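What follows is a set of notes on a single structure, which appears directly below.
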Amino acid sequence: MTQPLWQMTAVDTAVAIRSPDVSAVEVVTAHVERMRAANPAINAVVVDLGDAAIEAARRTDALLASGQAPRLLEGLPVTVKINVDYAGQANSNGVAAFRDLIASEDAPVVANLKKAGAITIGLTNTPEFSMRAFTDNPLHGLTLNPWNADVTCGGSSGGAAAALALGIGVLAHGNDIGGSLRWPAHCCGLATIRPTQGRIAAYNATAPAERPLMAQLFSTQGPIGRTVADVRLGLEAMAARDPRDPWWVPAPVEGARTPGPIRVAMARVSDSLDPDPAILEIMRRAAGHLETEGYAVEEVDLPDLADIWQAWTDILFEEIRTLQETAMRAVVSEDYIRVFDSYNAFSRPLDKRGFMEAVAHRTRHLRRWLMLLEDYPVILTPACVHATYGPRADLDGAAAVERIFRQGLHYISTINYLGLPAAVVPAGMRDGLPVGVQLIASRFREDIALDAAAAIEKHAGSPCAELWSREMPTGTG
């Protein structure tokens, strides 16, 4: 085998481990060695579980040798974001005060990965409380983008994406309340899916209280992969039932096939977002790839975008201000406070009536989008309409933060409010950096979004091989 084991896709690695030619120990050891060689340059993995992972791989090989049938992710090395419970490890969530908050049990998504046979080689970085779009915190420091240290790797699953892009693990776990799977995937040249809320069970026993209700409905767990096929594999494993999450829905991962040609609504991007022309051109090329694969693409005005984006930020930060802000401010850094104050500057305070109306209006907005998705089963948008920002761009003041979210990440945040599934896939390069597009589908039709993502990937390719041919990133960010 001429290709290094750490460069193989998750799907190909799973096939290799099932063959007599490659052992789980060889695969996991290759990834641990890659992690220890490459991670110091980017600071993506902040807890090294490599030694325990190699021991787990030995047990995997022994079980396979005894005749045990391989599970879905048997022997596959993965990473887990450090904001979910991992038994025996601290769920710090990027907060220095929580460095000793040791989990006694696995979160559902971790338990499901383990049940599927995956082996965790490390825990990945996240900003404080996973509430920034840039991965930096006083406990573990800044994570660099492996493509270029002068731009962000994204957040809050920035450590997950940066590690995976550099060949550390074959799948990465992350989560997403405002783009935290899709934005890092865009920044690092990866594929991902933000599943429908209820697709993947979530729960942290270390949490002192339940999250506010709408935050629960905006947030999801999910997989990041180097290819769309890898994302599908991770989604299937993560989506298993766990009774600790009452929102989990027993929906099939694959739905009924949609007769073609499938109509695609390509977003007509408003000049008010100050879009980068090069990024719009990449989206148009992605639309062309879809047409080549038999899709019928039309440019469409998407409904209620400005109102939806404002409602998302108003609801999310009103819940935080009411139930969490005082406790959060007591344990966070000055940087986090600066960013949170910027969020408060563009999220409108809601009184009791205003909050109830905002929550009620969500159903109206979602109904309009579901009706649109009846006519256009796929919606194509940019992932971000701006060039990738610097690694700490949210410290540039309230106006800069509002521009990042209201304009740059506008299409990403909208989908958290609606709770729809949305994939991101690399579609091109801008000034040597990857650019992704977003593909949205109807509730519990992740398969339709991923089909469209795969159609684009077929022509645009996966950029990670180009990254691996480069020198490690240098600089301070």
Side-chain angles (χ1 to χ4, degrees), residues 42-46 79 81-83 93-94 124-137 140-166 168-169 172-194 219-226 231 276 279 339 381-396 400-401 403-405 407-413 415-416 422-427 429-438 463-464 467 473 477:
I42 61 169
N43 188 41
V45 177
V46 293
T79 61
K81 186 176 176 182
I82 199 168
N83 72 345
N93 203 5
T124 55
N125 206 15
T126 190
E128 291 168 277
F129 285 108
S130 299
M131 285 294 292
R132 290 174 63 186
F134 303 81
T135 301
D136 188 20
N137 64 67
H140 295 298
L142 177 69
T143 297
L144 300 180
N145 188 319
W147 288 90
N148 187 326
D150 293 326
V151 298
T152 183
C153 61
S156 63
S157 305
L164 185 65
L166 210 49
I168 300 170
H173 155 264
N175 32 51
D176 190 319
I177 196 171
S180 293
L181 284 161
R182 292 159 290 154
W183 167 231
H186 162 88
C187 292
C188 295
L190 301 166
T192 191
I193 184 78
R194 178 227 180 271
S219 178
T220 62
Q221 309 292 315
I224 307 174
R226 290 195 286 268
V231 173
D276 183 310
I279 287 176
V339 174
T381 79
C384 179
V385 301
H386 298 157
T388 306
Y389 311 110
R392 293 188 175 98
D394 60 344
L395 298 180
D396 292 340
V401 174
R403 181 175 186 270
I404 290 166
F405 281 93
Q407 295 178 306
L409 301 178
H410 187 87
Y411 291 103
I412 276 181
S413 303
I415 301 310
N416 288 88
V424 159
V425 66
M429 303 290 287
R430 181 196 181 280
D431 292 341
L433 294 172
V435 172
V437 293
Q438 179 175 236
C464 287
L467 174 63

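Residues take their numbers from the sequence shown, with the count starting at 1. Fair warning: this is a prediction, and the values are worked out from it, not measured in the lab. Keep in mind that the numbers below use all heavy atoms, side chains included, and drop hydrogens, waters and symmetry copies.
Formation of a donor-acceptor pair under 3.5 Å by the T192 side chain with backbone atoms of R182 is not found in this model. Listed for the T135 side chain is a donor-acceptor partner under 3.5 Å among the backbone atoms of G154. Between the side chain of D276 and the main chain of H386, no donor-acceptor pair closer than 3.5 Å is present. The closest donor-acceptor contact from the side chain of N416 to the backbone of I177 lies under 3.5 Å. Remark: side-chain polar atoms of N43 are paired, donor with acceptor, to backbone N or O of H140 under 3.5 angstrom. For the pair N148 (side chain) and L433 (backbone), a donor-acceptor distance under 3.5 Å is absent. Formation of a donor-acceptor pair under 3.5 Å by the N125 side chain with backbone atoms of G158 is not found in this model.
The distance from atom CE of M131 to atom OG of S156, rounded to the nearest 0.5 Å, is 9.0 Å.
For Y389 and W183, the distance between ring centers is under 6.0 angstrom.
Taking each heavy atom of P434 and C187 in turn, the nearest pair found is CG-O, 3.5 Å. Between V231 and I193, the closest heavy-atom pair is CG1-CG2, 3.5 Å. A pairwise comparison of heavy atoms in H186 and V424 identifies N-CG1, 4.1 Å as the closest pair.
No hydrogens or angles considered: nothing links the side chains of D176 and T220 as a donor-acceptor pair under 3.5 Å.
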